[in-house]
Each structure stands twice: as C-alpha cells, then as structure tokens.
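Notes for the one structure printed next.
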There are 2 protein chains.
Amino acid sequence: MTSERFDLLPGALDMMVLKTLTEGAQHGYSIVRHIQRRCQGALSIEEGTLYPALHRMEARGWVRASWGQSDSGRKAKFYVLTPRGRKELSQRVDSWARFTGAVSQVMGDFEPTGAGQLA
Amino acid sequence: MTSERFDLLPGALDMMVLKTLTEGAQHGYSIVRHIQRRCQGALSIEEGTLYPALHRMEARGWVRASWGQSDSGRKAKFYVLTPRGRKELSQRVDSWARFTGAVSQVMGDFEPTGAGQLA
DNA sequence: GGCTATCCCCTAGTTAGTCTAGGTATAGGC
DNA sequence: GCCTATACCTAGACTAACTAGGGGATAGCC
C-alpha cells in the first residue's frame, strides 16, 4: 500500500488467484498469504480487493465456495477451481503473455534503470 | 476489440505513450499508429482512451502540448516530453518490470497453453 | 460539384475493478 | 480482561478504460 502503486493489478489478480487454486482448495486469507509469499512481498493484495474478487469469480462460475475449518480451527470459506475456472485461467495466461509481449515490443530496449535516472 | 481479456492494463498506456515521445514530438493520432505498428496490431488504443490520457498527462506536467502542422499539412497538437515526464517514465518502467516479475513468480512455471504458442 | 475516406481532435456517460476504511467474530497468549 | 492474529465482509470513493458518439479539414474519385 501506498509505498508503491502499480495500478497494474486489474486483470492480473484474478489470474493469480485462479493459479493459486490449482494447488488445491484454499480460503481467502490463505490465498493472500500464498501470493505474497510467492513474490516475496512485492505485491500486496488488500482484503478489500480480494474478497470482492472471489465473489465475482464465484458468480461467474470460476470457483465454488464451501465453509470448512482452517488449520487454526476457525471457520473459513474454502474455494475450489471449477472446470470453467480452469479454462478461464488458461485463457488469461495466454492473454497475459500476449499483452506483456506486445508491451515489451512497444517499449523496445528501454531499460529498467535503478529507480530513476534518466535514459 | 472487445474479445481480448487484457484490453489494456491501467498504467501501461501512459508508459507506452511516454516512451513513444522519447523519440520526438508527436501528435495523438500518430502516437496511436506508432504504438500499433510496434506491436503489430496486438494492442488497439482507442481514441476515446488516448486523448483523455494525453490531457491527464499534460495536467500532471508530464508532457507539454502545442499546435503545429502534421506531415499531411493538417492542424495537429504535438506533445513533447517534459523532464518530469521523463522521470515518470523511468519510474513506470521500473514498476512495470517489478510488477511483471512478481506476477511471473506467482505464476511459476504455469505455461501458456493452446490458444497462443507456448513459452 | 458531391461523395467518401482519411486525418485529427474531442467529450459525456457507462462500466469495471481497486483502494480506503471501516465493521464483525473467534482463538490463543499474556 | 486485553491484545494480536486469523478470517470474513461491505459501502463509498476513485481512477481509468471503453462506448459511442461528435466536429472539422483535406485529398481523391466520380
């Protein structure tokens, strides 16, 4: 939050959540931690972002939810990937690859600098 | 263009426009063509997206506009990069690199499947 | 002259998704 | 009891992209 604002999240979040669920059912809170662990904290997913996203995906039939018990014995809502979610995931992965490929073609050899010196 | 998932990630457009302007002053219409030529049409920038973006960037002091004549002799508004715009660009390039890097760490070895080609 | 296509700019309104900033509730440690 | 971590949720603000138009100027064709 705050410190760094990518504004790039829209679209990529769903993909990462779906990918996380390919590794088995998980509840929201653990999905967040899983993603953050994977990228060493480079991305921070707000709960206020994640839960609406999960509900959206459930409404679209990409995931299915059911209540269960978390490792710590608390009530938790577990999400599993549906076949449609799996299909959506692979489409998104393809789109992501095409999109980032296109952007880097546009950006050419423009090099990521340190943090901000001039080209 | 509708069908594609990542029409444009918020934030990536500004970066591409700023990058385009590092190659010299250009007017809006030619910026669009430049970007589309670069990515072989993989991205489509709508005018209704571009012009508001240019105005935003001008208001923020990243570009400066002035009226001039296009190659075809028409009136056109040319944009040039300001020092602040240049700085913004390199920050965005860095953010972009960090963000896409983080996403691919999360996605791991998940490979783009059928629709496109594979990595 | 009219017609069309291309060039070039613009905006209002809609939609979508993230962020802010709260709220609820339980379990465990002190 | 209090505090922290866990676990879920929502309303409202905000930003930016998209839709779907608009206008005018130029060049070429008939």
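Protein chains get the first letters and strands the later ones, always in sequence-line order, with residue 1 at the start of each. We use all heavy atoms of the structure for the numbers below, so side chains are in, but hydrogens, waters and symmetry mates are not.
Each of A:A76 and B:D14 has a nearest nucleotide on DNA chain D; the 5'-most of these lies closest to A:A76.
A heavy-atom distance below 4.0 Å to DNA chain C is reached by these residues of residues 47-56 of chain A, ordered by number: A:G48, A:T49, A:R56.
D:dC9 atom C1' lies 15 Å from atom CD1 of A:I31, rounded to whole Å. As rounded to whole Å, 11 Å separates atom P of D:dA7 from atom CD of A:Q26. Regarding B:E46, its CD atom lies at a distance of 16 Å from the P atom of C:dC9, rounded to whole Å. In this structure, A:I45 places its CD1 atom 10 Å from C1' of C:dT18, rounding to the nearest Å. Atom OH in A:Y29 sits about 8 Å away from atom P in D:dA5, given to the nearest Å. At whole-Å resolution of the value, CH2 in A:W62 and C1' in C:dG17 are 12 Å apart. Atom-to-atom, NE2 of B:H27 to C1' of C:dC9 comes out at 10 Å; the value is rounded to the nearest Å. Atom-to-atom, CE of B:M15 to P of D:dA16 comes out at 15 Å; the value is rounded to the nearest Å.
Remark: A:T49 pairs with no residue by the side-chain hydrogen bond (donor to acceptor under 3.5 Å, both in side chains) rule, at least two apart or across chains. Scanning for side chain to side chain contact (heavy atoms under 4.5 Å, CB included) contacts around B:Q40 gives A:Q105, with sequence neighbours left out. Residues meeting the side-chain hydrogen bond (donor to acceptor under 3.5 Å, both in side chains) test with B:S30, sequence neighbours left out: B:Q26. With sequence neighbours left out, A:T82 forms a side chain to side chain contact (heavy atoms under 4.5 Å, CB included) with A:R64, A:R84. A search for side-chain hydrogen bond (donor to acceptor under 3.5 Å, both in side chains) contacts involving A:H27 returns nothing, not counting sequence neighbours.
Residue B:P10 has its side chain nearest to D:dA17 when only C:dT20, D:dA17, D:dT6 are considered. Considering only side-chain atoms of A:R60, the nucleotide from C:dC10, C:dT18, C:dG17 that sits closest is C:dG17.
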Side-chain donor-acceptor distances from residues 71-80 of chain B under 3.5 Å, at least two apart:
from	atom 1	to	atom 2	distance (Å)
B:S72	OG	B:S70	OG	3.1
B:S72	OG	B:R74	NH1	2.8

Which donor-acceptor pairs under 3.5 Å do side chains of residues 53-60 of chain B form with protein atoms, sequence neighbours excluded?
from	atom 1	to	atom 2	distance (Å)
B:H55	ND1	B:Y51	O	3.3

| query | Once Watson-Crick and G-U wobble pairs under 3.5 Å are found, how is DNA chain C written in dot-bracket notation, 5' to 3', with | for any base paired to another strand? | reply | ||||||||||||||||||||||||||||||
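Annotation: side chain of A:I31 is in contact with side chain of A:L21 (closest heavy-atom distance under 4.5 Å). Considering only heavy atoms from C-beta on, B:L43 comes within 4.5 Å of B:M16 through its side chain.
Residue A:S30 is classed as having no contact, given no heavy-atom separation below 4.0 Å to the nucleic acid.
Within the structure, a side-chain polar atom (N or O) of B:K77 is placed less than 4.0 Å from OP1 or OP2 of C:dC10.
Between B:P10 and A:P10, the shortest heavy-atom distance links the atoms CG-CG, 3.8 Å. Closest approach of B:W96 to A:V103, counting heavy atoms only: CZ2-CG1, 3.6 Å.
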| message | Within the 4.0 Å limit for protein heavy atoms, which parts of nucleotides 25-30 of chain C are touched? Write it as a string from 5' to 3', B for base, S for sugar-phosphate only, - for none. | response | -BB---
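The structure places CG of A:L89 at 10.5 Å from CH2 of A:W62, a figure rounded to the nearest 0.5 Å.
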